[in-house]
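Following: one structure in structure tokens, then a few remarks.
Source: prediction; values computed, not measured. For the single chain, residues carry numbers from 1 onward in sequence order.
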Amino acid sequence: ENQPIDESFNDIYPEFSHVLCRDWEHAATKAHSDKTRVCLLRTGIVLAKQGGALGKMLPAFKFGLGGPLGHGKQGMSWIHIDDMIQLILFVLSHQEIHGPINATAPNPVDNNEFSQTLARVISRPA
């Protein structure tokens, strides 16, 4: 089921990484007080020309071996490193912001579309 996920989303899928993130957020919110604000950055896959997730993906794609994982329908929320940095600076400079913040591009893609786009950009098959 494809449902939009925003900062109010709490209905996690019961698997390790989702439960871990929920527990981290719950623990972090305990630090909230009149003198302390808590900002929970919910980060997508961070992409940059050098290193990061893209650096791990590129070798297979450059050899023409990259492509969708499994059925390719799994969503991929992503953000460029420059946007991530700007978001962090924005949050730091705006004291009124607190709670969950989705640090992702506005339009997630599925793994198939991501793989096809990456392959096209580097002129390789996927």
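Residue Ile97 belongs to a hydrophobic cluster whose other members are Leu41, Val46, Ile79, Ile81, Met84, Ile85, Leu87, Ile88, Leu89, Phe90, Val91, Leu92, Ile101, with links defined by side-chain heavy atoms closer than 4.5 Å. Cluster partners of Ile12 are Val19, counting Ile, Leu, Val, Met, Phe, Trp and Tyr whose side-chain heavy atoms approach within less than 4.5 Å, directly or via other members. Other members of the hydrophobic cluster containing Leu65, listed by chain and number, are Phe63; membership follows side-chain contacts under 4.5 Å among ILVMFWY residues, whether direct or relayed.
Residue pairs meeting the side-chain hydrogen bond (donor to acceptor under 3.5 Å, both in side chains) criterion with at least one partner in residues 116-126, sequence neighbours excluded, are absent. For residues 23-32, the side-chain hydrogen bond (donor to acceptor under 3.5 Å, both in side chains) pairs, not counting sequence neighbours, are Glu25-Arg42. Applying the salt bridge (charged side-chain N to carboxylate O under 4.0 Å, His left out) test to residues at least two apart or on different chains, none of the pairs has a partner in residues 80-97.
When all heavy atoms are compared, the tightest approach of Gly72 to Pro68 is CA-CB, 4.0 Å. The shortest heavy-atom contact between Ala28 and Val38 is O-CG2, 3.5 Å.
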May I have the list of side-chain donor-acceptor pairs in residues 103-112 shorter than 3.5 Å, sequence neighbours left out?
| from | atom 1 | to | atom 2 | distance (Å) |
| --- | --- | --- | --- | --- |
| Asp110 | OD1 | Asn112 | N | 3.2 |
| Asp110 | OD1 | Glu113 | N | 2.7 |
| Asn111 | OD1 | Leu69 | N | 2.6 |

In residues 49-61, what donor-acceptor pairs under 3.5 Å come from side-chain atoms, sequence neighbours left out?
none

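Atom NZ in Lys62 sits 10.0 Å away from atom CG in Leu118 (nearest 0.5 Å).
Listed by chain and residue number, nothing satisfies the side chain to side chain contact (heavy atoms under 4.5 Å, CB included) test with Pro125 (two or more places apart in sequence, or in another chain). Every side-chain hydrogen bond (donor to acceptor under 3.5 Å, both in side chains) that Gln95 has, sequence neighbours left out, goes to Arg37. Qualifying side-chain hydrogen bond (donor to acceptor under 3.5 Å, both in side chains) partners for His18, counting only residues two or more places apart in sequence or in other chains: Glu15. Residues satisfying the side-chain hydrogen bond (donor to acceptor under 3.5 Å, both in side chains) criterion with Ser93, sequence neighbours excluded, are absent altogether.
For His80, the NE2 atom counts as densely surrounded, since its 6.0 Å shell holds more than 12 non-hydrogen atoms of other residues, nucleotides or ligands.
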